[in-house]
Amino acid sequence: MTTTDMPRKIDADSVRAVSKKRPRGSATGGLRRAIAPTTLLWVLAGLYGIPVLWFVLSSFKPAGDLFSLPLTVFPDNPTVSGYKEAWASANFAQYFINTTLVCVIATILTVGVSCCTGYALAKYDNKWLKAFFLCILATTMLPAEVMLAPLFLVVRDLGFYNSLSGIILPALLTATGCFMFRQFFLTVPDELIEAARIDGARELSIFLRIMVPLSRPIMLTLAILSFQWRWNDYIWPLLMLNDPDKFTVQIGIQSLVGAQNINWSVLLGGSVISMIPLIVVFLVFQKYVMNADINAGLKD
């Protein structure tokens, strides 16, 4: 005699009864626990956001109202004369072209070199690679000013002085990028690579077809950071460039500062203009980083 277990029909009334019996204390307790961190985050956002808001609103004030007492946050007579004078007095169009060219090329090369280096440091067991990784991390312990003189001599002797290539070349390998990719590739199971090798895939194919797609969130994150670093870089382009036609945005803003006095309205307008590309890049790529699944394709 055989019996067949048939699935029992779920009674809707019983489901409602169970849902009504759920304690409400858990939801209330979760809400109470979220109040403190949420309040802290809003306080921190205010501490960071208020100076930026003051900075942007001050750029719309006439030069005479910037230091008038009492100080006001909102401009009484809004004007865009500071923006017009900044754009007219400096060759911002050429500065934007130069800086965009440097940022795009340097970002692409930085992401590519860091990805290759991080993969080699994570997946190949070699004592020289470990020593190389320690040397890369050691560079983060040195102030940037210490490395300026030897780096300048190397780039100058290579013939890249007073050229945009001299700004791009030192940005190829960054300790932050190598560390980010190495830490990510360490989380990728070695069994995935071994399975690809058993199927006949070569090392370059494994890297390009498996590892690179998996590391897309890290690549986008490093791309945003690298673009921001190169766009805001001031000291190194100032040392490498002496031709005004090759100046970057940050050096162009410095040219707005007079020898005897500073027109703060013009300087604030130029500074806000230089911030616009960074804001656009962040807003465009933010959703890809926030929505990306770092563990995509990986299973325990």
Side-chain angles (χ1 to χ4, degrees), residues 30-63 65-76 78-80 82-83 86-87 92 95-96 99-100 102-103 106-107 110-111 140-141 143-145 171 174-177 179-180 183 217-238 248-254 256-257 262-292 294:
L31 181 60
R32 291 177 179 175
R33 288 193 297 269
I35 291 177
T38 303
T39 304
L40 179 61
L41 290 176
W42 277 109
V43 171
L44 293 176
L47 292 176
Y48 282 96
I50 290 176
V52 176
L53 180 62
W54 190 311
F55 167 74
V56 174
L57 293 176
S58 297
S59 64
F60 293 98
K61 295 180 180 180
D65 295 346
L66 288 173
F67 302 102
S68 61
L69 295 177
L71 296 176
T72 58
V73 177
F74 297 96
D76 296 330
T79 179
V80 293
Y83 291 90
W87 188 268
F92 266 101
Y95 299 158
F96 273 112
T99 311
T100 302
V102 170
C103 291
T107 297
T110 298
V111 172
T140 62
M141 305 177 188
E145 292 77 7
T174 61
T176 303
F179 183 77
M180 289 172 59
Q183 295 303 113
I218 308 299
M219 297 175 68
L220 292 174
T221 303
L222 181 60
I224 294 175
L225 294 176
S226 178
F227 192 93
Q228 179 183 0
W229 294 337
R230 307 309 158 213
W231 189 274
N232 291 328
D233 196 6
Y234 171 72
I235 297 297
W236 182 245
L238 183 65
T248 57
V249 170
Q250 304 305 325
I251 304 179
I253 293 176
Q254 190 273 338
L256 298 176
V257 179
I262 301 175
N263 190 336
W264 288 102
S265 179
V266 177
L267 183 59
L268 290 175
S271 300
V272 173
I273 292 175
S274 69
M275 292 169 53
I276 296 176
L278 288 179
I279 298 174
V280 172
V281 169
F282 178 76
L283 293 178
V284 170
F285 290 99
Q286 174 188 225
K287 59 180 181 180
Y288 297 104
V289 177
M290 300 299 294
N291 296 333
I294 296 180

Roughly how far apart are [X] [atom1] and [Y] [atom2], rounded to 0.5 Å?
{"X": "Leu268", "Y": "Ile273", "atom1": "CG", "atom2": "CD1", "value": "11.0 Å"}
{"X": "Leu222", "Y": "Thr174", "atom1": "CG", "atom2": "OG1", "value": "5.5 Å"}
{"X": "Met275", "Y": "Asn232", "atom1": "CE", "atom2": "CG", "value": "9.5 Å"}
{"X": "Gln228", "Y": "Asp233", "atom1": "CD", "atom2": "CG", "value": "12.0 Å"}
{"X": "Leu278", "Y": "Phe227", "atom1": "CG", "atom2": "CZ", "value": "6.5 Å"}
{"X": "Met180", "Y": "Leu225", "atom1": "CE", "atom2": "CG", "value": "6.0 Å"}

Output a table of donor-acceptor pairs, distance under 3.5 Å, between side-chain atoms of residues 36-53 and any protein atom two or more places apart or on a different chain; print 'none' if there are none.
unit_1, atom_1, unit_2, atom_2, d
Thr38, OG1, Ala34, O, 2.6
Thr39, OG1, Ile35, O, 2.7

By side-chain hydrogen bond (donor to acceptor under 3.5 Å, both in side chains) - contacts of Thr79 (at least two apart):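 Partners of Thr79 by the side-chain hydrogen bond (donor to acceptor under 3.5 Å, both in side chains) criterion, ordered by chain and then number, come out as Ser81.
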With no hydrogens and no angle check, is any side-chain donor or acceptor of Thr110 less than 3.5 Å from a backbone partner on Ala171?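 At least one qualifying donor-acceptor pair exists.
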Donor-acceptor contact below 3.5 Å, side chain Ser59 vs main chain Val56: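 Answer holds: yes.
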State whether the number of non-hydrogen atoms from other residues, nucleotides or ligands found under 6.0 Å of Phe282 atom CZ is greater than 12.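 Atom CZ in Phe282 is not crowded, with 12 or fewer foreign heavy atoms closer than 6.0 Å.
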Would you say CH2 of Trp229 has more than 12 non-hydrogen atoms from neighbouring residues, nucleotides or ligands within 6.0 angstrom?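 More than 12 within 6.0 Å, yes.
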Less than 4.5 Å apart, side chain to side chain, heavy atoms only: is that true for Tyr95 and Ile251?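 Not touching, per the 4.5 Å side-chain cut-off.
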Compare all side-chain heavy atoms of Thr99 with those of Val102 and state whether any distance is below 4.5 angstrom.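 Thr99 vs Val102: side chains apart.
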ring-ring contact (aromatic ring centres under 6.0 Å, His included) between Phe96 and Trp231, worked out: CA-CA 10 Å; Phe96 273 112; Trp231 189 274; 5.7 Å; yes
Taking side chain to side chain donor-acceptor pair (under 3.5 Å) as the cut-off, I'd like each qualifying pair that reaches into residues 265-278, sequence neighbours left out, listed once.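 Listed once each, the pairs would be none.
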Looking at every non-hydrogen atom in both residues, tell me the closest pair between Gly269 and Ala86 and how far apart they are.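 In terms of heavy atoms, the two residues are closest at C-CB, 4.4 Å.
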Report the residues that fulfil ring-ring contact (aromatic ring centres under 6.0 Å, His included) with Trp236, sequence neighbours left out, ordered by chain and then residue number.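 None.
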Applying ring-ring contact (aromatic ring centres under 6.0 Å, His included), name anything that partners Phe60, two or more places apart in sequence or on another chain.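 Only Tyr83 meet the ring-ring contact (aromatic ring centres under 6.0 Å, His included) criterion with Phe60.
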Quick one: list whatever passes side-chain contact (heavy atoms from CB on, under 4.5 Å) with Trp54, sequence neighbours left out.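 For Trp54, the residues satisfying side-chain contact (heavy atoms from CB on, under 4.5 Å) (neighbours in sequence not counted) are Ser58, Leu71, Val73.
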